[in-house]
Structure formats: C-alpha cells, structure tokens
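Below is one structure, written out as structure tokens; the observations come after it.
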Amino acid sequence: MRPDLRLGGGPTSTSAHPSAANGGLVAHHTVQTSTAGFTLTMVSPPTMTRRALAATIADAVGELRAIDFAYSPLRESSLVARLRRGEIAPDAYAPLADLIARCDAMRAATDGWFDAWSAPGGFDPSALVKGWAMERAAARVRAAGITDYAVASGGDLTVRGNAPHGGPWRVAVHHPYEGRRKPVLLELTSGAIGTSGVTGRQGHVIDPHRASAVEEIRAATVMGPDLAVADAYATALYAAGEAGLAWFPTPEGYTASLLPDPAATRGA
C-alpha cells in the first residue's frame, strides 16, 4: 500500500490518487505563504460541481492567507509584528488576545516548555498558528459540504473522512536521520498529527528555560483531535525531550512518541 501522505523523508508531502471511490472529484492544491507551504487534498461529494469545488479551494486558501497576513512575524504590518515592536497592546484586538490566551494555555500544559514569548525578537506564536490556520482552512472545507479531505504542511497534517481510494488516509512518518529505515505507517479518518524534527532541521526550536536553540537531534510526534494543540505539544516535547513524555496521554486524547538523539542512542 502506498501512503496518501508523507511526513518527512523528502520535499513531496502528499500524493493524490487519480480517482475517487465515491464518484466525486479529487482536488490537489498547493499554496505558499510567508511562513510555510500548504497542500490541500479533497474529495468532493458526487453532486458537487467543479465550480463549487474551485470556490471551496479558494475559500480555504483565503483563510490561510488571511491568518498569515494577520499573525506572521515576518510581515511588518501583522498584529504579531506590531506587538513585538510595542506598537499595540496584547489586548488591543480580540483575535490577538485569544491567540495569546491559547499560547498561555499551552505554556501551562507543557510546564513552560512551549513559550511563545521566549523566541528571539519577542512574541512568536508560529508553532501554534500554523496548525490553527490549517484547522481553520479545514473548517472552511467542511462548511462547503466536503467531508473527505487532508490539509498538510511539512511535518503537520489534519485529515477527515476517507482518502480518494475510499479507505482511511494512510500517513507515512519517515525517520528524520535514518533514511533507510522503514517509515511508520498510520491510518486516520479523523484527527491531526503535529511533528517537530521529522524533516531533519536543527536549531528551529528554542529551549525557553535557557533561551537558546535546542542542540539535541530528535523528533517529536503528537497525535490528537486538533492540530494547533498537537503542533504546540510537539514543539514543547522536542525542547523538553524524554521529560515531556510525562504529559501524555492527555485527557483530551493527545498521544506522543519521541525519537531520541541518535548520538545518545549509540552511546547507550
């Protein structure tokens, strides 16, 4: 069985099947924002027209772009950039205040290992906003009547329903530093996977307790109902290491796995 989605292991993260088992249309669309690239794969109901499907894609893409414009720290006019420069207060806008509250909740849930305020330059909610944006895009897809879809970006994804072949979405999670190792194959019909480190990047996570980049090489994977939460948990777990495994499983249904530093593993 070939996977429908791949996390890590190369630049291609999704593969669309040529036909849908339910008789609907299969759409595969990619979009790039200032912070990330996203791929949307969806299977429309048999009664949906091509025009309606195209409008749904445009709506979901618009949601991703709107969140990028509002919250990307890379955009000088975004609310986050203005907050970092001290031009506005944290409670100046209700959506910004809600985002800050979400980040504070994840800081409490992870014993401070997820801390959006510890990033160089000030407040940076990117590790949570990315998953939140993907969930918001998925909500737009559902609102249009599509119940079979996947939204993926790098090592993160959220899915619902079935893949184009008619069965659960098959997700291959590749090992970040041992390319020959067989990937872990997961099957999902609902839920999200958030990862940190599966693409092999180093220095992308800050240890909030030392205010420096995490030097260890490892990979954290968190599964659960909401990608914003799973992604934030994965970032915190990457920073905390094995100590972070004590947070799981959570009452909300989040579970986790951690691949340790390969050098430490070899020396054990």
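What you are looking at is a predicted structure, and each value in this text was computed from that prediction instead of being measured.
To the nearest 0.5 Å, atoms CE (Met42) and CD1 (Ile146) are separated by 5.5 Å. Summarising the geometry, atom CH2 belonging to Trp117 is positioned 8.0 Å from atom CZ belonging to Arg107; distances are rounded to the nearest 0.5 Å. Within the model, atoms CZ of Arg142 and OG1 of Thr56 stand 13.0 Å from one another, a figure rounded to the nearest 0.5 Å. Note that the CG atom of Leu74 and the OG1 atom of Thr35 stand 6.5 Å from one another [nearest 0.5 Å]. A distance of 14.5 Å separates OH of Tyr149 from CD1 of Ile57, quoted to the nearest 0.5 Å. Once rounded to the nearest 0.5 Å, the distance linking CG of Leu227 with CD1 of Ile193 reads 9.5 Å.
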Trace of the side chain to side chain contact (heavy atoms under 4.5 Å, CB included) decision for His29 with Val61: CA-CA 9 Å; His29 186 82; Val61 169; 3.6 Å; yes
I would like to know whether Ile100 and Leu83 meet side chain to side chain contact (heavy atoms under 4.5 Å, CB included); could you show each step before the answer? CA-CA 11 Å; Ile100 292 172; Leu83 178 65; 4.0 Å; yes
Quick one: do Tyr254 and Asp226 satisfy side chain to side chain contact (heavy atoms under 4.5 Å, CB included)? Show the steps, please. CA-CA 9 Å; Tyr254 293 91; Asp226 182 270; 3.2 Å; yes
Yes or no on side chain to side chain contact (heavy atoms under 4.5 Å, CB included) for Val31 and Arg65, after CA distance, side-chain angles and deciding distance? CA-CA 9 Å; Val31 58; Arg65 293 197 183 281; 3.2 Å; yes
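Ser44 approaches Asn22 most closely through the heavy-atom pair O-ND2, 3.6 Å. Residues Ala234 and Gly194 come closest through the heavy atom pair CB-O, 3.5 Å. Annotation for Val43 and Ala20: closest pair CG1-CB, 3.5 Å, computed over non-hydrogen atoms. Taking all atoms of both residues into account, the shortest heavy-atom contact from Gly131 to Asp231 is N-OD2, 4.0 Å. Pairing each heavy atom of Val222 with each of Ala230, the nearest pair is CB-O, 3.6 Å. Closest heavy-atom contact between Ala60 and Leu40: CB-CD2, 3.5 Å.
Residue Glu87 qualifies as enclosed at atom CD: its count of foreign heavy atoms under 6.0 Å is above 12.
Contact of the Arg102 side chain with the Leu128 side chain is registered, since non-hydrogen atoms from C-beta on lie closer than 4.5 Å. The shortest distance between side-chain heavy atoms of Ser77 and Phe69 does not fall below 4.5 Å. Under the 4.5 Å side-chain criterion, counting only non-hydrogen atoms from C-beta, Val229 is not in contact with Glu252. A heavy-atom distance below 4.5 Å is found between the side chains of Tyr71 and Val129. Contact of the Phe123 side chain with the Val80 side chain is registered, since non-hydrogen atoms from C-beta on lie closer than 4.5 Å. Counting heavy atoms from C-beta on, the side chains of His165 and Arg170 come closer than 4.5 Å. Side-chain contact between Val171 and Leu188: present, with at least one pair of heavy atoms (C-beta onward) separated by less than 4.5 Å. Thr189 places none of its side-chain heavy atoms less than 4.5 Å from the side chain of Val159.
Between the Asp91 side chain and the Ala97 main chain, no donor and acceptor come within less than 3.5 Å of each other. With hydrogens and angles disregarded, no donor-acceptor distance shorter than 3.5 Å links the side chain of Ser196 to the backbone of Thr235. Here the side chain of Arg160 pairs no donor or acceptor atom with the backbone of Ala138 at under 3.5 angstrom.
No continuous path of hydrophobic side-chain contacts links Ile67 to Met134 [ILVMFWY only; heavy atoms under 4.5 Å]. In this structure, Leu157 is a member of the same hydrophobic cluster as Met223, with clusters built from ILVMFWY side-chain heavy atoms closer than 4.5 Å. Under the 4.5 Å side-chain heavy-atom criterion for ILVMFWY residues, no single connected hydrophobic cluster contains both Met48 and Val26.
Trp247 and Asp111 are linked by a side-chain donor-acceptor pair at a separation below 3.5 angstrom, with hydrogens and angles left out of the test. A donor-acceptor contact closer than 3.5 angstrom links the side chains of Ser72 and Ser34.
Centroid-to-centroid, the aromatic rings of Tyr238 and Trp113 stay 6.0 Å apart or farther.
A salt bridge links Arg75 to Asp68: one of the charged nitrogens lies within less than 4.0 Å of a carboxylate oxygen. Ion pairing of Arg136 with Glu63 is present here, as a side-chain N (NZ or NE/NH1/NH2) and a carboxylate O approach within less than 4.0 Å. We find that Asp156 and Lys130 are joined by a salt bridge, their nearest charged nitrogen and carboxylate oxygen being less than 4.0 Å apart.
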